[in-house]
Number of protein chains: 2
Amino acid sequence: MESVIEKLDAAGLRKTEIRIRLYEYFLKHKPAISQPELEKKYAKYADRVTLYRVLSAFEEKGLIHKIIDMHGTARYALCNEHNCHDGHHHDEHVHFNCSNCDKVVCLEEVSIPSVKLPKNYKAVKYSLNIEGVCNDCKA
Amino acid sequence: MESVIEKLDAAGLRKTEIRIRLYEYFLKHKPAISQPELEKKYAKYADRVTLYRVLSAFEEKGLIHKIIDMHGTARYALCNEHNCHDGHHHDEHVHFNCSNCDKVVCLEEVSIPSVKLPKNYKAVKYSLNIEGVCNDCKA
DNA sequence: TTAAGTGCAAAATCTTTGCAAATGT
DNA sequence: ACATTTGCAAAGATTTTGCACTTAA
């Protein structure tokens, strides 16, 4: 639990109850979660709007990163400490969307292969979503 | 103009004014377009709800396919005739999102490279969005 | 104390649904 | 004539904004 306080401190964020709860959530759970899902879990602890604002603050400070999943839903997951910093994310790994349990996980160990684009196209950022059946759901 | 009528016929869709207009739009424009954008262009010709329904019908019949762009917005573009049929889309090419002009185009000639997933993950569908500067916007 | 954070109300989007009226075949 | 398609009204879902109140430091 030390780490939660330290991280919020390091990010220059005040250590409020909801922020501590949410950051602990991200530390404990790998799958990327959406605001509506968080709202169900944390309705008693914070207003919907506060959740949106905490997510934005966490993202700006490099604590979590935003993923757009295959359905177009915005989801958030903990940043890899070595890759993400203030406002600058390196999120260039595969995001796996399970069609069975609907979880979206970062496969940090699977990087996005390079792609040869036509002349005059300049790539800056990549997003590779793969849909299928995940580790937990395979029979 | 022949081709528009024929395609709608072949898809088993009635040839209404708005459907003809929209299908002609897709034939003439490569970039994928969203419903809100179409609404601005076609406000005089059809209701918002009709646009949603025409897009769904076109997608079901394999005339257009849906793309989720890097911002999570649903966009639609013409299907490649050889790859898409009734309810069955093969959309496994790169989608390029230009951060300058905000256009999203299908790079049909750039296929998604294969990715080696960890044991127990089974891939079914891929979506690769690349953000950067497009052909038209490079200085 | 005071700047940052939160809650509430309200609005802005985007999308879906139901039903009556209009249209294509 | 009849099934399909459309328009309108309404509701649901997601996200943003403004402002007064509260809380961390």
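Every chain is numbered from 1, with letters handed out A, B, ... down the list of sequences.
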- Hydrophobic cluster (4.5 angstrom, side-chain heavy atoms) - remaining members for B:I68: A:I68
- Task: Check whether any side-chain heavy atom of B:K103 lies under 4.5 Å from a side-chain heavy atom of B:K30, and answer yes or no.
- Result: no
- Query: Of the non-hydrogen atoms in B:C137 and B:C98, which two are nearest, and what is the gap between them?
  - Reply: SG-SG, 3.8 Å
Distance-only donor-acceptor pairs under 3.5 Å for side chains of residues 14-21 of chain B, two or more places apart:
{"unit_1": "B:K15", "atom_1": "NZ", "unit_2": "B:D9", "atom_2": "OD1", "d": "2.6"}
{"unit_1": "B:E17", "atom_1": "OE2", "unit_2": "B:R21", "atom_2": "NE", "d": "3.0"}
{"unit_1": "B:E17", "atom_1": "OE2", "unit_2": "B:R21", "atom_2": "NH2", "d": "2.9"}
{"unit_1": "B:R19", "atom_1": "NH1", "unit_2": "B:R14", "atom_2": "O", "d": "3.4"}

- Query: Which pair of non-hydrogen atoms, one from A:L128 and one from A:P113, has the smallest distance, and what is that distance?
  - Reply: CD2-CD, 4.3 Å
- Per-nucleotide protein contact string for nucleotides 14-20 of chain D (B base, S sugar-phosphate only, - none; heavy atom under 4.0 Å): BBBBB--
- Message: Under 4.0 Å, counting only non-hydrogen atoms across every strand here, what does B:A46 touch: a base, just sugar-phosphate, or nothing?
- Response: sugar-phosphate
- Query: Sequence neighbours excluded, which residues qualify as ring-ring contact (aromatic ring centres under 6.0 Å, His included) partners of B:H29?
  - Reply: B:Y25
- Query: A:P118: what forms a side-chain contact (heavy atoms from CB on, under 4.5 Å) with it, not counting sequence neighbours?
  - Reply: A:Y121, B:L107, B:E109, B:V110
- Task: Give me the first and last nucleotide of DNA chain C, going 5' to 3', that has any atom under 4.0 Å from a heavy atom of chain B.
- Result: C:dC14 to C:dT25
- Task: Give me the residues of residues 12-21 of chain A where at least one heavy atom lies under 4.0 Å from an atom of DNA chain D, by number, or none.
- Result: A:R14, A:K15
- Item | For B:A10, all residues meeting side-chain contact (heavy atoms from CB on, under 4.5 Å), sequence neighbours excluded | none
- Note on the structure: Residue set satisfying salt bridge (charged side-chain N to carboxylate O under 4.0 Å, His left out) with B:R53, at least two apart, ordered chain then number -> none
- Task: Note the angle between the end axes of the helix from C:dT1-D:dA25 to C:dT25-D:dA1, five pairs defining each, rounded to 10 degrees.
- Result: 30°
- Task: Taking all heavy atoms of A:K44 and all of A:K41, pick out the closest pair and write down the distance.
- Result: NZ-O, 4.3 Å
- For A:S127, side-chain contact (heavy atoms from CB on, under 4.5 Å) partners two or more places apart: A:N129, B:M70, B:N129
- For B:A123, what residues pass the side-chain contact (heavy atoms from CB on, under 4.5 Å) criterion, not counting sequence neighbours? A:I130, B:L117, B:Y126
